[in-house]
Protein chains: 2
Amino acid sequence: MDSSSLSIGQVAKGAGVGVETVRFYEREGLVPAPKRRPSGYRQYPADTVRRIHFVQAAKELGFTLREIRELLSLRVTAGKKCADVRKLAHEKLAEVDAKLTELQRMRAALAQLAASCTGKGPTSECPLLDALDAQGDAHVHR
Amino acid sequence: MDSSSLSIGQVAKGAGVGVETVRFYEREGLVPAPKRRPSGYRQYPADTVRRIHFVQAAKELGFTLREIRELLSLRVTAGKKCADVRKLAHEKLAEVDAKLTELQRMRAALAQLAASCTGKGPTSECPLLDALDAQGDAHVHR
DNA sequence: ATGGACCCTGTAGTACACTACGGAGTCAAG
DNA sequence: CTTGACTCCGTAGTGTACTACAGGGTCCAT
């Protein structure tokens with residue numbers, strides 16, 4: 001096997017997932033179908049590991065595989081205009097910013113909870129919700 | 001029906017979910033079982049809507065219902081020591097901070113992609129991954 | 001007192017994202 | 001040239017988080 005190509009097992013191990021997951025991601029279009037050896041064995045380029053890391057990270061952040069596929073395909077290609085790419089990028093940026101805001105609210109609430117717990121504070125029904133409320137709301141539907 | 005109590009339908013509408021979801025969350029311990037009218041109808045306090053909003057937001061951020069249940073039960077009660085609560089709060093805080101870091105990396109990458117697209121930039125295989133890489137990595141397993 | 005909107009319980013079905021398995025072929029170290 | 005680890009494909013099973021009935025009972029405006 002040539003030096004700069006990986007077997008599915010090496011990719012899986014490198015990315016911390018099972019080989020079945022790699023094949024699943026291929027079927028789902030999250031990892032491009034790799035070249036094959038005459039035997040049919042898959043030969044992956046090294047950056048496939050990075051790609052799967054990205055998928056895992058994005059999943060942890062609440063993106064679906066469908067959304068991650070969109071993120072990964074965000075590039076200017078033959079059939080796609082630059083303006084379209086920029087438009088989608090801005091949409092995703094807005095989503096990310098919304099998540100950032102919520103996470104920061106939650107972070108503040110958790111920090112407050114941890115701090116308020118240094119001794120004699122009263123026991124609220126749900127300090128986390130209280131803290132979030134105190135932070136100031138601004139979400140209507142969703 | 002007394003003024004400060006809501007039917008399951010009102011709660012569901014207020015939270016933007018179906019009534020089945022509210023009952024599901026009750027079974028799963030995400031929403032406390034409410035008082036009942038003699039007929040068996042559920043009577044919810046007003047803050048149930050807020051609680052469900054929190055569940056939805058946390059879900060969007062990649063927390064599982066199990067984790068959200070933990071977050072919601074983060075309080076000092078009879079059987080739980082303050083130190084334990086603080087410990088768990090700090091653990092969750094670390095998780096949130098990790099998510100924040102990843103999201104900020106992704107945000108920077110998306111912003112760069114959107115900006116780099118103002119005209120003549122070269123078409124990379126995957127600008128988003130490139131941008132993330134350029135950001136500097138520091139994750140090993142997961 | 002009636003009818004349409006609402007609620008009850010329980011069970012079953014769906015979508016998503018894997019995960020496991022069976023039966024066969026391939027690779028490479030010894 | 002054997003043998004044990006690895007790979008192939010296809011299909012089936014799992015866990016999570018809903019979502020949709022079915023077959024009833026309840027509420028209340030008219």
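Chain letters run A, B, ... following the sequence lines, proteins first, then strands; residues in each count from 1.
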Any donor-acceptor pair under 3.5 Å between the side chain of A:Tyr41 and the base of D:dC6?
yes
For the pair made of CG in B:Leu65 and P in C:dC16, what is the distance, rounded to whole Å?
17 Å
What nucleic acid atoms does A:Gly18 come within less than 4.0 Å of, heavy atoms only: base, sugar-phosphate, or nothing?
nothing
Those residues that, when tested against A:Lys87, pass side-chain contact (heavy atoms from CB on, under 4.5 Å) (two or more places apart)
A:Glu91
Residues from residues 22-34 of chain B lying under 4.0 Å of DNA chain C - heavy atoms
B:Arg23
Within the side chain of A:Arg107, is there an N or O that forms a donor-acceptor pair under 3.5 Å with the backbone of B:Leu93?
no
CD of A:Gln43 versus P of D:dT7: gap in Å, rounded?
12 Å
Does OP1 or OP2 of D:dA17 have a side-chain N or O of B:Thr21 closer than 4.0 Å?
no
Whole-Å distance separating the CZ atom of A:Arg69 from the P atom of C:dC18
12 Å
Rounding to an integer number of Å, can you tell me how far B:Ile8 CD1 sits from C:dA5 P?
19 Å
When you get a sec, tell me which of D:dC8, C:dC7, D:dC21 is the closest nucleotide to the side chain of B:Glu20?
D:dC21
Any side-chain N or O of A:Ser39 below 4.0 angstrom from OP1/OP2 of C:dC27?
yes
Expressed in angstrom and rounded to an integer, what is the separation of B:Gln56 atom CD from D:dA17 atom P?
12 Å
Who passes side-chain contact (heavy atoms from CB on, under 4.5 Å) against B:Pro45, sequence neighbours left out?
B:Asp47, B:Thr48
Identify, with sequence neighbours excluded, every residue that meets salt bridge (charged side-chain N to carboxylate O under 4.0 Å, His left out) alongside A:Arg66.
none
Below 4.0 angstrom from OP1 or OP2 of C:dC8, is there any side-chain N or O of B:Arg42?
yes
When you measure from the side-chain N and O atoms of A:Ser7 to the phosphate of D:dT7, is any distance below 4.0 Å, counting only OP1 and OP2?
yes
State whether the side chain of A:Arg51 and the backbone N or O of A:Leu30 hold a donor-acceptor pair below 3.5 Å, judged by distance alone.
yes
Separation of D:dC18 atom P from B:Ile52 atom CD1, nearest Å, is 11 Å
Side-chain donor-acceptor contacts of residues 15-23 of chain B below 3.5 Å, not counting sequence neighbours, with atom names and distances?
none

Has A:Lys59 got a side-chain N or O lying under 4.0 Å from the OP1 or OP2 atom of C:dC16?
no
Nearest-Å distance, CZ (A:Arg37) to C1' (D:dC6)?
11 Å
Among all residues two or more places apart in sequence or in another chain, which pass the side-chain contact (heavy atoms from CB on, under 4.5 Å) test with B:Lys99?
A:Leu61, A:Leu103, B:Phe63
What integer distance in Å separates A:Glu60:CD from C:dC18:P?
11 Å
